[in-house]
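Here's the structure we're looking at; comments come further down.
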2 protein chains.
Amino acid sequence: MTTNEATTYPQSPRTKVNRRPDRIGYDVAAVHAVLDEGLVCHVGYPNQGAPLVLPTLYVRVGEDLYLHGSTGAGLMRFPDETLPICVTVTLTDGLVMARSWFNHSVNYRCVVVRGDATLVTDPDEKMAALTALVEHVALGRAADSRPPNRRELAATAVLRLPLREVSLKVRSGSSKDDDEDLGLPFWAGVIPVETVFGPPEPDSDLPVPGYVRDYRR
Amino acid sequence: MTTNEATTYPQSPRTKVNRRPDRIGYDVAAVHAVLDEGLVCHVGYPNQGAPLVLPTLYVRVGEDLYLHGSTGAGLMRFPDETLPICVTVTLTDGLVMARSWFNHSVNYRCVVVRGDATLVTDPDEKMAALTALVEHVALGRAADSRPPNRRELAATAVLRLPLREVSLKVRSGSSKDDDEDLGLPFWAGVIPVETVFGPPEPDSDLPVPGYVRDYRR
């Protein structure tokens, strides 16, 4: 596990932005908060000569992201020792309705992580990553379900992407209109967007565990 | 606008999958339904030698997707006439808790569109795409806010990606456990995931329009 004593990620030529610098941040705690709240990332990687973007689960452990998949999955077939990927986690918080089309926007928090992924070969690190993945989906679930056997472990690949080239983009708050538009006869404001969970749909007669009944993130 | 008389998208070497073919489809109506329900896509494109994945709004018009952005945005700076991109729209429907870690899963619907994007240069097509974008965010909003002026139009770029290489991946329903795991003392089932909207946060004294008050998608 990589650790990080710094409070901000360094800017790299690939994470620095020229547009809307007011919306970009590199704060380690804020990045962790988004990564820990999110559930599904979108990972981009080179495939047949062009980028391919797929959704998948992920988890942060210290200063590393872990993704898993079938050993037969395209993402896990590393043609070289490292694979240049981009992992993006987006939380959508609101639809911003301005008086002009142009100033319409979306409130969101988005972490972009770029870098070279490597396959995890150490069995202990792989098992720790899979445990963390299950716990990321539902805290308490790893101890309340069956861990992988040897066959299942062999069929599962895990990749690691260090949190080195990282940026956080945030838009929040109310609509922002040009002064000359404020008198237009159009409503303006924000429609909040939220992800909600449950009630659970059981495939079992056992009592519903607390971490399922009260699921939130 | 490209139209499509076929009921399924043809499989291409880049949209055919070898794993879990039971979860993959090419049905035009099902693809349209996901694209029309979704709000934010993740677009992947080559940037500084590696894929970059960013969230952005999009809209489907017939058999084309349109994305917009500032003319200064990286995605809109086409080094060549076409840009190889991937647009992915994911709707997360549930967390699937199986008795084994290995059989945990996510219920989702995901459309992946690959292809060569081009910048829209025709002013009528550009204006139609922007109108559709506003209407995709909130049906009825285009007529209830100020359209772009010449300066705003000049600052906005729109790209088109035809729906040619398209696939839809779906996982739905209950948890699927191995038979020998069914007796394990672990709860199994699905936690539904839903996106909810509102109540609106006004930045205006005008009455809240119906399409905002009753917002859903």
Side-chain angles (χ1 to χ4, degrees), chain A residues 14 19 40 42 44-46 48 50-55 70 72-73 84 86 88 90 92 95 97 99-102 104 106 108 110 114 130 134 137 141 144-148 152 174-175 181 184 186-198 200-204 206 208-209 212 215, chain B residues 14 19 40 42 44-46 48 50-55 57 70 72-73 84 86 88 90 92 95 97 99-102 104 108 110 114 130 134 137 141 144-148 152 174-175 181 184 186-198 200-204 206 208-209 212 215:
Chain A
R14 301 203 306 177
R19 291 192 58 255
V40 171
H42 281 81
Y45 62 101
Q48 301 187 57
L52 176 60
V53 178
L54 295 178
S70 161
C86 179
T88 300
T90 305
T92 304
L95 311 181
M97 307 268 162
R99 291 161 183 92
S100 63
W101 294 13
F102 189 77
H104 276 66
V106 175
Y108 66 96
C110 175
R114 309 185 69 174
L130 292 173
V134 175
V137 174
R141 186 64 184 172
D144 196 29
S145 51
R146 178 178 65 70
E152 291 167 341
S174 57
S175 61
D181 287 339
L184 292 175
F186 305 129
W187 183 87
V190 176
I191 303 177
V193 179
E194 209 182 337
T195 303
V196 296
F197 301 92
E201 298 166 353
D203 300 316
S204 154
L206 296 174
V208 177
V212 170
Y215 191 87
Chain B
R14 301 203 305 176
R19 293 192 56 255
V40 171
H42 281 81
Y45 63 101
Q48 301 188 56
L52 175 61
V53 178
L54 295 178
L57 294 172
S70 161
C86 178
T88 300
T90 306
T92 304
L95 311 180
M97 307 268 162
R99 290 160 183 91
S100 64
W101 294 13
F102 189 77
H104 276 66
Y108 65 95
C110 176
R114 308 185 69 173
L130 292 173
V134 174
V137 175
R141 185 65 184 172
D144 196 28
S145 51
R146 177 179 66 71
E152 292 166 341
S174 58
S175 59
D181 287 339
L184 292 176
F186 305 128
W187 184 87
V190 176
I191 304 178
V193 179
E194 208 182 337
T195 303
V196 296
F197 301 92
E201 299 166 350
D203 300 315
S204 153
L206 296 173
V208 178
V212 170
Y215 191 87

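Remember, it's a predicted structure, so these values are computed and weren't measured experimentally. Each chain gets a letter, A, B and so on, in the order the sequences are listed, and its residues count up from 1.
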List the steps and the verdict of side chain to side chain donor-acceptor pair (under 3.5 Å) for B/Ser145 and A/Trp101. CA-CA 6 Å; B/Ser145 51; A/Trp101 294 13; 3.3 Å; yes
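- With B/Thr90 contributing its side chain and A/Pro55 its backbone, the two residues share no donor-acceptor pair below 3.5 Å.
- B/Leu184 touches chain A through backbone and side chain together, each having a heavy atom under 4.5 Å away.
- Chain B forms the most heavy-atom pairs under 4.5 Å with one residue out of A/Thr195, A/Leu52, A/Val106, A/Leu54, and that residue is A/Leu52.
- Looking at B/Leu130, both its backbone and its side chain come within 4.5 Å of chain A, counting heavy atoms on both sides.
- The two residues B/Trp187 and A/Leu206 have their closest heavy-atom pair at CD1-O, 3.4 Å.
- Looking at B/Arg114, the atoms closer than 4.5 Å to chain A (heavy atoms on both sides) all sit in the side chain, from C-beta outward.
- For a residue to count as touching a neighbouring chain, one of its non-hydrogen atoms must lie under 4.5 Å from one of that chain's; by this rule B/Tyr45 touches chain A with the backbone only.
- For B/Val196, the parts lying under 4.5 angstrom from a heavy atom of chain A are both the backbone and the side chain.
- Of the possible donor and acceptor atoms, one in the side chain of B/Asp203 sits under 3.5 Å from a partner among the backbone N and O of A/Ser175.
- Between chain A and the options B/Pro147, B/Pro46, B/Ala73, B/Pro209, heavy-atom pairs under 4.5 Å are most frequent for B/Pro147.
- Heavy-atom distances place the side chain of B/His104, and not its backbone, under 4.5 Å from chain A.
- With sequence neighbours left out, B/Phe186 forms a ring pair (Phe, Tyr, Trp, His ring centres under 6.0 Å) with no residue at all.
- Across every non-hydrogen atom of A/Val53 and B/Cys86, the tightest pair is N-SG, 3.3 Å.
- With a 4.5 angstrom heavy-atom cutoff, B/Val40 touches chain A only via side-chain atoms.
- When A/Ala50, A/Pro200, A/Ala188 are compared by the number of non-hydrogen pairs under 4.5 Å with chain B, A/Ala188 comes out ahead.
- In this pair, A/His42 and B/His42 present their aromatic rings parallel. The plane angle is below 30°, not in the 30 to 60° band.
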